[in-house]
Trainee: 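Have a look at this one.
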Amino acid sequence: MTAEDSAVLPARDRTVRPPGPLVIEIEGVTKVYEMGSETIHALRGVSLKIRRNEYLAIMGPSGSGKSTMMNMLGCLDTPTQGKYEFNGKDVASMDDDELATIRNKEIGFVFQTFNLLPRSTSLSNVELPLIYAGRPAGERRDKARRALENVGLGNRMDHRPNELSGGQRQRVAIARALVNDPSIILADEPTGNLDSKTGEEIMALMEDLYAQGNTIIVVTHEPDIAEHARRIVRLRDGLIESDGPTEVR
Amino acid sequence: MNRLRFEFVESFRIAYAQIAANRTRSFLTALGVIIGIVAVTLMGTAIGGINTGFNRSMALLGDDILYVSKHPWATDKDDWEFRNRRDIKSDAAEALQTIIDATPRSQLVKAVPTANAFRNVVRGDYQANAVFTLGTTDEYPEIATVDLRDGRFFNATESRGARNVCVLGCDVADALFPERSALEEYVTLGGKKFRVVGVFSKQGSFLGLFSFDNQIVIPLSAFKKFFVRKGSDTDVRVKMRDKEHVEEAKAELIGDMRRVRSLLPDQEDDFAISTQDSFKQALDPIKTGIAVAGLFITGLALFVGAIGIMNITFVSVRERTREIGTRKALGARRRTILLQFLIEAVAICLLGGLSGLVFSYLLFQGVEAAFPSFPIEFSFGLVLTGLFMSVVTGVVSGFAPAWSASRLDPVTALRYE
C-alpha cells in the first residue's frame, strides 16, 4: 500500500447495514466513584440504545466519562444508578460471576495494548475465551484456527506475541474477541498503539467484520478512527453531547 | 463440569509455563519445601524404624509368655515397694505347674523357672564380657523359640543333675571360638568349666540395647550352685494356651500364684506379672513424645517453606495483575483465577515435595548402607504422606494470594501498570 493508496481510502464503501434487534439498552445511568475524600461523577445520567449490526463510535476528550462508559458497556463494571439491559437481561444487578459469563459469551474485547498472554501462542490466546466457556479441546482448536484465518493470520498460529508485529498482535486480539461469536465487539482505542498505516489496516479489518454482520463499538478520541463508524456518540462531562450518523468530511 | 475440568487443565498449563519461565525463582521457592519435606520424611523414617525395631524386639520376648517376677517391668512406683517382697523360689515353677496341670481347661500350659546374671565367659586367651547368663531347666525350649545352629539343648538329666553344660549365643560362640566349632569344647564361667553342648542361631537384639546373641544358658541347678547369693531370686515364665486370651490367662495365673505364695484374701499380691505389652505400654508414651516433638520441629521447616511460597505467589499475583484483568475480561470467573494461582502454588510445592522425597530416599539409602543397624524405615505410606503434605502446604500458602487475585476488580486490574 502506498501513500497515494491510503489517500484514496476515504472513498470507501459507506454502506449502512439495516439495524437488527436491540442489544444494549441504557437508561439514566450514573456512575459515582469515591476517590479518597473526593466524589467523582463519571456519568451523570446517560441513555443509549445499540442495535445489532450497528457500527458505533464513542468519542470524547479525557475526563468525559468515555472509559467509564466503555467499562459499563463491557460489563466490567455496573452502574451506580439506572437501567442497563443486555439482550434483555438486567446487567445492573448482576454479581461478578454472572458478569464474567456475559463478558465471555456476549462481548469481544479489543484493547489498546492488545493484552495478549505473553507466553502463549496465538492459537492458545485465541482459545482462551472458549476454555472459560467450557468448550471441548477439539472444538476450541477448530474455532480458534478459523478465527485466526479470518483475520489473515492462518500462518502465525504457533507464534508467540513477541514474535509478531503490533498489527499482527492486534489481529490476534481481534480473533480472540471474535472466537466466541459475541453479540458485540468492544474496541478500546484499537489503533492507539499502532502507526497510522497499521491502524488503517486494523480499521479496514473492522470494516470487514462489520460487513460480515458483527456489531462493533469503538471507543476513541481520534476523529479519524471514529469516522469509520456509522454512528458517533460524543460524551462530555459525563453526559451525551451528541448522538447521530457519521458525517463524512 | 466440563468448564471446571478445562479450567483445571488450563491452570496446570499456566503453572507449568510460569515455573518454566521463572526457573531460578521457582527453584529457590521450592527449596524451602524441599528442605521441609526432607526433614519431615527423615523424621518419618526414624519413627518408622523405631516402631519396626521395637516390634521386632517384642517378638523376641514372645507374645504368648507371661513373666512372673518380684519386680514389675514397667511401673511408675519406687523400687523399694518391691525389693522387700519375698523372693520367688525356683520351686515356685514346679508348684505352679502342678496347679496348672490340675486345673481343667486351664489357659496356661507350662511354667519354667529362670534366673539370670551377667558374667564374663573365658576360653584361653579369649574373653566375652558381661554375657547374659540364664539359668533354666531342660523345659526352656517349650516356652521360648530355641533355634540351634549346632548341637542340642541340655537334657533333663543334665538339668536335674546340675551338670556343668551350657548353650552359647552365637556371638559368644564366635568370639570365643573364632577358628572352629564350639561344640564339646569347654568355657570358663564364674571360675567353673562348662561343656558347650549347643550354639544358638542368630536372634538379634532387643531395642538395640540387649543382644540375645550375647548369652549363655546353663541348668538352673548349676546356676544356683555357683551364682546365687542372698537376695537373688528366680523368675517364672509361663506359656499361655492362646495369646488371644491374655486377660483370662493373667487372672488365672494371679490366682495360682497366690496359692503358691499362700496369700490370705486380704493380702496384696507380692509378685508381678508382666507381658510384652507391659513394655509396650511403658514405651508407647515415649515413642509418641518423640514422634510429636520430632514432627513439630521438622514441621517448622515446612512452615518456613510455606511462607516462601506464599510470598512468591503474592509477587506473582502482583506481576500479573494486568493478565488477571485480561482473563477476567475474557470471562474468567473468580473461581478460575483462584484455581489458577492455587494450582501454581501447589505445583511448586509438589515439585519441591517430589524432589524432597527423592533426596530423602537417597539419604535413607546412604544411611542404610553406612549403618545397617540404624533403625530407619522408608515406606510407601511415607511417600504418600510427603506428597499429601506438599499439596496441603501449597493450598495453605497459596490460598491468601490466590484469593486476593480472584477478588481483583477487572477495571482496576486492566489499568494496572
Side-chain angles (χ1 to χ4, degrees), chain A residues 31 33 42 67-72 74-78 94-121 124-140 160-161 173 176-180 182 186 188, chain B residues 1-23 25-26 316-341 343-344 347 402-417:
Chain A
K31 184 71 189 179
Y33 293 108
S67 296
T68 309
M69 186 70 178
M70 190 206 67
N71 293 337
M72 203 80 66
C75 297
L76 290 165
D77 210 348
T78 49
M94 282 185 177
D95 68 23
D96 281 10
D97 283 349
E98 289 170 316
L99 288 173
T101 307
I102 290 271
R103 291 196 293 268
N104 180 246
K105 295 212 157 64
E106 309 285 3
I107 299 164
F109 284 95
V110 177
F111 301 99
Q112 179 176 0
T113 49
F114 323 133
N115 290 24
L116 299 176
L117 303 187
R119 276 186 279 279
S120 301
T121 60
S124 305
N125 264 295
V126 177
E127 273 186 49
L128 201 57
L130 296 170
I131 289 176
Y132 296 144
R135 311 312 307 168
E139 183 188 333
R140 292 201 304 253
R160 284 163 212 282
R176 182 177 66 184
L178 285 169
V179 76
N180 217 0
L186 189 58
D188 176 22
Chain B
M1 204 52 230
N2 267 355
R3 181 171 165 170
L4 186 64
R5 206 179 77 222
F6 299 148
E7 284 173 2
F8 234 92
V9 174
E10 166 76 1
S11 297
F12 269 107
R13 207 188 55 72
I14 298 167
Y16 171 76
Q18 202 57 31
I19 291 168
N22 300 302
R23 283 209 185 90
R25 188 165 96 182
S26 305
S316 187
V317 167
R318 183 52 63 92
E319 279 178 351
R320 284 146 74 199
T321 303
R322 278 273 288 253
E323 181 193 317
I324 295 167
T326 307
R327 288 177 182 277
K328 286 201 157 196
L330 298 181
R333 295 197 253 179
R334 283 182 176 173
R335 185 188 73 193
T336 321
I337 304 293
L338 184 82
L339 209 60
Q340 180 188 328
F341 284 96
I343 283 176
E344 206 174 302
W403 178 255
S404 77
S406 76
R407 307 298 288 190
L408 278 175
D409 172 32
V411 175
T412 322
L414 276 170
R415 223 185 287 137
Y416 186 84
E417 290 299 327

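So that the names make sense, note that chain A is the first sequence line, chain B the second, and so on, each numbered from 1.
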Trainee: Listing needed: what donor-acceptor pairs below 3.5 Å join chain B with chain A?
Mentor:
residue  : atom : partner  : partner atom : Å
B:Arg3   : NE   : A:Tyr132 : O            : 2.8
B:Arg3   : NH1  : A:Tyr132 : O            : 3.3
B:Arg3   : NH2  : A:Tyr132 : O            : 3.4
B:Gln18  : OE1  : A:Arg119 : NH2          : 3.1
B:Arg322 : NH2  : A:Thr113 : OG1          : 2.9
B:Thr326 : OG1  : A:Asn115 : ND2          : 3.2
B:Arg327 : NH1  : A:Tyr132 : OH           : 2.8
B:Lys328 : O    : A:Arg103 : NE           : 2.8
B:Lys328 : O    : A:Arg103 : NH2          : 3.1
B:Leu330 : O    : A:Asn104 : ND2          : 2.8
B:Arg334 : N    : A:Asp97  : OD1          : 3.2
B:Arg334 : NE   : A:Asp96  : OD2          : 3.1
B:Arg334 : NH2  : A:Asp96  : OD2          : 2.3

Trainee: Kindly compute the distance separating CG (A:Leu130) from CG (B:Leu330), expressed to the nearest 0.5 Å.
Mentor: 10.5 Å
Trainee: With sequence neighbours left out, what residues match B:Phe341 under ring pair (Phe, Tyr, Trp, His ring centres under 6.0 Å)?
Mentor: none
Trainee: Counting only non-hydrogen atoms closer than 4.5 Å, does A:Pro182 touch chain B with its backbone (N, CA, C, O), its side chain (CB onward), both, or neither?
Mentor: neither
Trainee: If you count heavy-atom pairs under 4.5 Å with chain A, which of B:Ala21, B:Ala332, B:Gly325 comes out on top?
Mentor: B:Ala332
Trainee: Using a 4.5 angstrom heavy-atom cutoff, name the option from A:Leu76, A:Ile107, A:Leu116, A:Ile102 with the most pairs to chain B.
Mentor: A:Leu76
Trainee: For residues A:Ala137 and B:Phe6, report the shortest heavy-atom separation together with the two atoms involved.
Mentor: N-CZ, 4.5 Å
Trainee: Quick one: what part of A:Leu128 sits under 4.5 Å from any heavy atom of chain B, side chain, backbone, both or neither?
Mentor: side chain
